[in-house]
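Here, residue 1 is the first one in the sequence, and each next residue gets the next number.
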Amino acid sequence: MILTTLLQGLPVQVFGPTDIDITGIQFDSRKVQTGNLFVAQVGTTMDGHNFVDNCIAQGATAIVISNPAYRREGVTTIIADNTDYILGMMAHRWFGCPSEHLTLVGVTGTNGKTTIATLLYKMTRALGHKAGLLSTVVNYIDDQSVPSTHTTPDAIELNGLLRQMVDAGCEYAFMEVSSHSIAQERIAGLHFNGALFTNLTRDHLDYHKTFDNYRDTKKRLFDNLAKGAFAVTNKDDKNGLVMTQNTPAEVKTYSTRTLADFKASILEEGFDGMLLSVNRQEVFVPLVGRFNASNILAIYSAAICLGFDNAEVLRVLSTLTAVNGRFETIHSEHKGWTAIVDYAHTPDAVDNVIQTINEIRKGKLITVVGCGGNRDKGKRPMMAQIAKHGSDQLILTSDNPRDEEPADILRDMAAGLTEEELHQTLIIEDRAAAIQTACTLAQADDVILIAGKGHEDYQIIRGVKHHFDDHEMVRKFC
């Protein structure tokens with residue numbers, strides 16, 4: 001592609017010719033080849049400017065920088081205030097603006113993104129349409145799965161996947177939109193036909209520093225919607241209407257508690273599912289909990305905004321099952337207890353799952369929970385406190401320690417408990433041993449909640465990645 005086409009209308013200063021053919025766009029210096037354009041991004045731990053000379057030596061014919069000191073002779077130099085934004089815009093153009101050839105719906109919020117995006121994808125396909133999915137668990141190009149490494153991929157991978165969806169004949173695409181992807185401009189240039197907001201609770205403050213920054217980053221997705229798009233927001237969350245207050249899109253609200261455009265309530269509930277009233281229409285769904293009632297309502301709201309038939313939407317809703325690692329139940333036929341594997345890794349998510357279990361359970365609740373390393377430390381004592389207050393037995397254990405010492409993370413969690421509560425709590429650093437202990441302690445009708453990892457099939461301990469799957473551990477000790 002000619003560089004002039006990639007740069008058209010972008011806020012940049014250009015030094016050197018632009019009528020040159022670009023053979024590829026890279027932000028990873030190790031991948032640069034002859035004729036490539038290299039974009040120097042400034043990350044939290046690495047500065048791409050330090051690799052400019054290496055990239056030129058590898059054959060880069062153009063560079064994008066934000067620091068003018070790295071301007072070089074012999075290559076076209078593009079200076080921009082925000083190289084992340086320029087990368088996003090150029091990636092979109094490089095792949096032929098694929099989002100403009102799809103009905104693209106983004107889902108953002110702290111909790112519920114994966115469930116809503118995945119079930120919208122499944123519903124759309126069940127209604128006879130080709131669709132794509134970009135999610136934390138897995139990406140799909142119609143029925144072809146593609147491994148997922150991030151909630152939202154980098155700009156080049158993201159647009160490449162959208163291009164593949166268009167080429168495969170997909171009409172719709174549903175994607176989780178993380179706060180990181182918005183802040184880092186990975187979604188720059190994308191044309192969203194609609195967006196959904198789930199909720200906002202404490203998360204990622206290690207990156208965003210303050211809750212206000214986190215909230216305002218999420219809000220940018222709605223601020224940037226086009227006039228003809230729709231914005232569906234959760235009226236039960238105090239930030240729901242904040243998200244949409246400046247959007248030019250058509251705003252629709254949903255709620256399980258108050259008046260809204262889309263309303264739902266739980267009529268009956270058990271571990272096999274719940275009977276809901278959705279806009280005064282009854283439907284049984286094989287999902288559990290008020291948080292899932294809210295998720296189902298968000299899915300219904302988006303489906304109606306997309307113009308799908310109401311009766312068909314309700315029919316398909318009744319067939320949708322839990323997403324991997326989201327309130328997944330495993331029953332021990334031998335001992336009579338039920339284990340629930342859930343991705344809950346924020347205070348609010350843990351609270352929601354525990355409340356749901358406590359509304360249904362007959363026996364005791366044994367909770368196994370940990371916190372990830374190299375992430376927001378402030379939520380650790382909060383999660384332990386919530387888990388302790390809602391459970392009959394609490395077991396604190398490792399999650400993904402990453403580069404932190406597991407014992408240090410457990411100390412941070414234990415700080416949220418009183419001395420008396422600590423005496424009643426088991427602290428077992430090894431996650432497999434913690435799950436085995438919970439399975440040994442559980443009696444008939446008891447519930448074991450294993451929170452934090454959900455779909456993940458690995459642990460990173462002292463920087464080394466090991467295979468570990470909560471589901472496998474539970475079945476091992478059934």
Side-chain angles (χ1 to χ4, degrees), residues 99 102-124 127 129 131 133 171-177 182 187 190-201 215-266 276-283 285 287 290-317 320:
S99 67
L102 294 161
T103 296
L104 178 63
V105 177
V107 184
T108 198
T110 305
N111 303 313
K113 296 189 297 295
T114 301
T115 295
I116 291 171
T118 303
L119 296 188
L120 271 170
Y121 156 78
K122 289 184 177 181
M123 169 180 282
T124 303
L127 291 171
H129 303 278
L133 172 69
E171 303 168 67
Y172 298 86
F174 302 95
M175 66 178 289
E176 295 183 50
V177 181
I182 300 171
I187 61 170
L190 298 192
H191 174 75
F192 287 93
N193 298 87
L196 289 87
F197 170 71
T198 62
N199 50 60
L200 205 66
T201 61
R215 177 200 63 210
D216 293 346
T217 300
K218 294 278 192 188
K219 183 175 177 291
R220 282 171 51 191
L221 175 63
F222 298 90
D223 292 347
N224 293 327
L225 289 174
K227 189 174 182 180
F230 65 84
V232 174
T233 192
N234 184 2
K235 206 173 177 183
D236 293 336
D237 189 284
K238 64 182 180 181
N239 292 289
L241 295 180
V242 174
M243 288 292 136
T244 56
Q245 64 186 7
N246 299 117
T247 186
E250 181 181 7
V251 177
K252 294 292 183 180
T253 59
Y254 68 94
S255 171
T256 62
R257 296 172 182 160
T258 188
L259 291 175
D261 296 304
F262 300 99
K263 186 83 169 62
S265 58
I266 300 173
L276 297 178
S277 171
V278 178
N279 274 16
R280 299 185 179 180
Q281 305 158 102
E282 289 189 9
V283 59
V285 296
L287 299 167
R290 180 174 291 278
F291 64 95
N292 266 327
S294 184
N295 290 340
I296 287 292
L297 185 56
I299 293 163
Y300 175 83
S301 305
I304 297 304
C305 288
L306 287 168
F308 295 144
D309 178 74
N310 177 75
E312 283 295 284
V313 168
L314 291 172
R315 178 187 65 79
V316 176
L317 278 179
L320 298 177

side-chain contact (heavy atoms from CB on, under 4.5 Å) between Leu287 and Leu119, intermediate numbers included
CA-CA 11 Å; Leu287 299 167; Leu119 296 188; 3.9 Å; yes
Carefully, step by step, assess Thr124 and Phe308 under the rule side-chain contact (heavy atoms from CB on, under 4.5 Å).
CA-CA 9 Å; Thr124 303; Phe308 295 144; 3.8 Å; yes
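Under the 3.5 Å distance criterion, with hydrogens and angles disregarded, no donor-acceptor pair is assigned to the side chains of Glu171 and Thr103.
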Do any side-chain atoms of residues 224-231 form donor-acceptor pairs under 3.5 angstrom with protein atoms, and if so which ones, sequence neighbours left out?
unit_1, atom_1, unit_2, atom_2, d
Asn224, ND2, Arg220, O, 3.1

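Here the CD1-CG distance, from Ile304 to Asn279, works out to 8.0 Å after rounding to the nearest 0.5 Å. Atom OG1 of Thr244 and atom CD of Glu250 lie 12.0 Å apart (nearest 0.5 Å). Between the CD1 atom in Ile296 and the CG atom in Leu320 there is a gap of 6.0 Å [rounded to 0.5 Å]. A distance of 7.0 Å separates CG of Leu196 from CZ of Phe222, quoted to the nearest 0.5 Å. For the atom pair Thr253 OG1 and Asp261 CG, the distance stands at 4.0 Å (nearest 0.5 Å). Expressed to the nearest 0.5 Å, how far CG of Leu317 lies from NZ of Lys122 amounts to 13.0 Å.
Contact annotation: the side chain of Phe291 never approaches that of Asn111 to less than 4.5 Å [non-hydrogen atoms, C-beta and beyond]. Looking at heavy atoms from C-beta onward, Tyr172 lies out of side-chain contact with Leu102 at the 4.5 angstrom threshold. With contacts defined as side-chain heavy-atom distances shorter than 4.5 Å, the pair Met243/Thr108 does not qualify. Between Phe197 and Asn239 the shortest side-chain heavy-atom distance falls below 4.5 Å. For the pair Leu200/Thr110, a side-chain contact is recorded, criterion being any heavy-atom separation below 4.5 Å from C-beta on. Side-chain contact check for Tyr300 versus Leu314: some heavy-atom pair is nearer than 4.5 Å. The side-chain heavy atoms of Ile187 and Met175, taken from C-beta on, include a pair separated by under 4.5 Å. When side chains are defined from C-beta on, Ile116 does not count as touching Phe174, because their heavy atoms never get closer than 4.5 Å.
For residues 231-247, the set of pairs meeting the salt bridge (charged side-chain N to carboxylate O under 4.0 Å, His left out) definition, not counting sequence neighbours, is empty.
With Lys219 as the fixed residue, the side-chain hydrogen bond (donor to acceptor under 3.5 Å, both in side chains) test singles out one of Asp223, Asp216, Thr217: Asp223.
In terms of heavy atoms, Ala264 sits closest to Leu297 at N-CD2, 3.6 Å. Residue Thr258 comes nearest to Ser255 through the heavy atom pair N-OG, 2.7 Å, listed as atom of the first residue, atom of the second, then distance. Residue Ala293 comes nearest to Leu276 through the heavy atom pair CB-CD2, 3.9 Å, listed as atom of the first residue, atom of the second, then distance. Taking both residues in full, the closest heavy atoms of Lys263 and Arg257 are given as NZ-N, 3.9 Å, listed atom of the first, atom of the second, then distance. Shown here for Ala303 and Leu120, the closest heavy-atom pair between the two residues is N-CD2, 4.4 Å.
With hydrogens and angles ignored, the 3.5 Å screen pairs a side-chain donor or acceptor of Lys218 with a backbone N or O of Gly109. In this structure a side-chain-to-backbone donor-acceptor pair under 3.5 Å is missing from Thr256 to Ser294. Judged purely by atom type and a 3.5 angstrom limit, Asn193 uses its side chain to pair as donor or acceptor with the backbone of Leu104.
Residues meeting the side chain to side chain donor-acceptor pair (under 3.5 Å) test with Asn292, sequence neighbours left out: Asn295.
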